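To start, the structure under review is shown below, and the notes come after it.
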Amino acid sequence: MRLSVDGARLTRELSQLATISAEPPPVVTRVVFSEADMHARRYLWQLCEDAGLELRHDPVGNTFARWRGTQPELPPVATGSHIDAIPNAGSYDGTVGVVGGLEAIRTLARAGYQPRRSIELILFTAEEPTRFGIGCLGSRLIAGSLPASVDETLLDADGQTLRQARSQAGFTGTLADVALKPGHFSAFVELHIEQGPLLEQHGNEIGIVTAIAAPATLRIALTGEGGHAGAVLMPQRRDAFLAAAEVGLAVERSALSTESVDTVATTGLCQVFPGAVNSVPSSVKMEIDVRDIDGERRDAVLKSIQTATSEICARRKIHAKIDLLNADPPAQSSPAIVELLATGCVAYGLRGEKMISRAYHDSLFMSRITPTAMIFVPSRAGVSHRPDEYTSAESISNGVLLLAATLEQLAASA
Ligand code: HGY
Ligand code: MN
Ligand code: MN
């Protein structure tokens, strides 16, 4: 079956989605359950309904848009990604997998294909950690990787619980009902931008993801003693920011110490309190992101950061509270689906290469309950999580074409 993607409509819809943001274009900010997020969800729900898909929303706001197959009793094939975006982000992270997933379904339908297994497009809630401090919230809960108690224990910056936030957004019901059992789906394939430079550097059109790096997040609260910036003399100070500054350098030192290019660590959040130029910082809240394709090596870096923090704080008479928010194992893709993607590249004349994903994705958790793989399309200059993030319409269409061809195979299987 020769498939052809409606690239013009795909571009139109992605451009329209990019305008639904808490910030004016080209900046995209869409934090989970915010007005922008809900507006974007409604826009996508409408596109799915226009395509004749049946919608279901679970208690945390994951949406499942189903194309019923001829044998709907068989475990469905799934695809999908996220539309939430961190502050000051771009237009393509996640959205390419949701709008592109919908276009893959429409491409198959336009070609007269009728799936045996139903095909479900999943719009995952809160892939980004922005509001509740933990990434992949929706897919973690689907995979049963989080206890339902997070409904009360996950708090946003205003102290609102996950339960309050999701209920206000209209998503009610028992959080435990989000979990789906292994075998619920027969396969999951996610289309996503690479968020790195390799495909562009290598002149390739498709990345076939064989593994996803293991992410971990530390939250460190440092408490010293505040005071008047003019009156408190240097020897008497217990300046929380200076301890944080040393911790930040220890984070970098710990990552570099493994001497592996696969180890990365970032202090992405550092809030100084009270945040006045003439007041000695009394407390600092830091959040640190540590990743590696090797889980043990990643854990050794976490340990090194915690040891360094204790030494720095003992010397500076600062109190440190260290919380490990998540430390997830790496994920391996399904070799069978990887092979299917490689075959699809040959069949459609797409230049592809196998690679690992250094960013995490909902696939990291879907791989815990179903055979999973990812399709990457190139990011210009490898830029992502910035307003100048860009992937060409042609590249996105290539990814959608391969996704459609792969779904065609997977949903035809008995
Ligand atoms: O941070 C990540 O890897 C993903 O983009 N949320
Ligand atoms: Mn992201
Ligand atoms: Mn993403």
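Values below: every heavy atom of this structure, side chains too, minus hydrogens, waters and symmetry copies. Start at 1 and go down the list; that is how both ligands and their atoms are numbered. From a predicted model like this one, the values you see are computed outputs, not experimental measurements.
- Here S413 pairs with R117 under the side chain to side chain donor-acceptor pair (under 3.5 Å) rule; sequence neighbours left out.
- Within the structure, salt bridge (charged side-chain N to carboxylate O under 4.0 Å, His left out) contacts touching residues 164-173 (residues at least two apart or in different chains) are D151-R166.
- Looking at E127 and D84, their side chains come closer than 4.5 Å, going by heavy atoms from C-beta outward.
- Ion pairing between a basic and an acidic side chain is recognised when a charged N comes within 4.0 Å of a carboxylate O; R30 and E128 show no such pairing.
- Taking distance alone, with nitrogen or oxygen atoms compared against 3.5 Å, E127 approaches ligand 1 more closely than that limit.
- Nearest protein heavy-atom neighbour of atom 3 (O) of ligand 1: R291 NH1, 2.6 Å.
- For ligand 1, the atoms sitting less than 4.0 Å from at least one non-hydrogen atom of A359 are 3 (O), numbered in the order shown with element in parentheses.
- Dense packing is recorded around CZ of R316, with more than 12 heavy atoms of other residues, nucleotides or ligands lying under 6.0 Å away.
- Counting only non-hydrogen atoms, the option in H192, H385, H82 that gets closest to atom 5 (O) of ligand 1 is H385.
- Around the Mn ion (ligand 3), the protein contributes the following N, O or S atoms under 2.8 Å, ordered by chain and number: H82 NE2, D93 OD1, H192 NE2.
- Under the 30°/60° scheme for interplanar angles, the aromatic rings of H57 and W45 are found to be tilted.
- For E194, there are no salt bridge (charged side-chain N to carboxylate O under 4.0 Å, His left out) partners at least two apart in sequence or on another chain.
- Contact of the V27 side chain with the N88 side chain is registered, since non-hydrogen atoms from C-beta on lie closer than 4.5 Å.
- Annotation: D289 places no N or O atom under 3.5 Å from an N or O atom of ligand 1; distance criterion only.
- Heavy atoms of R358 found under 4.0 angstrom from ligand 1: none, in either backbone or side chain.
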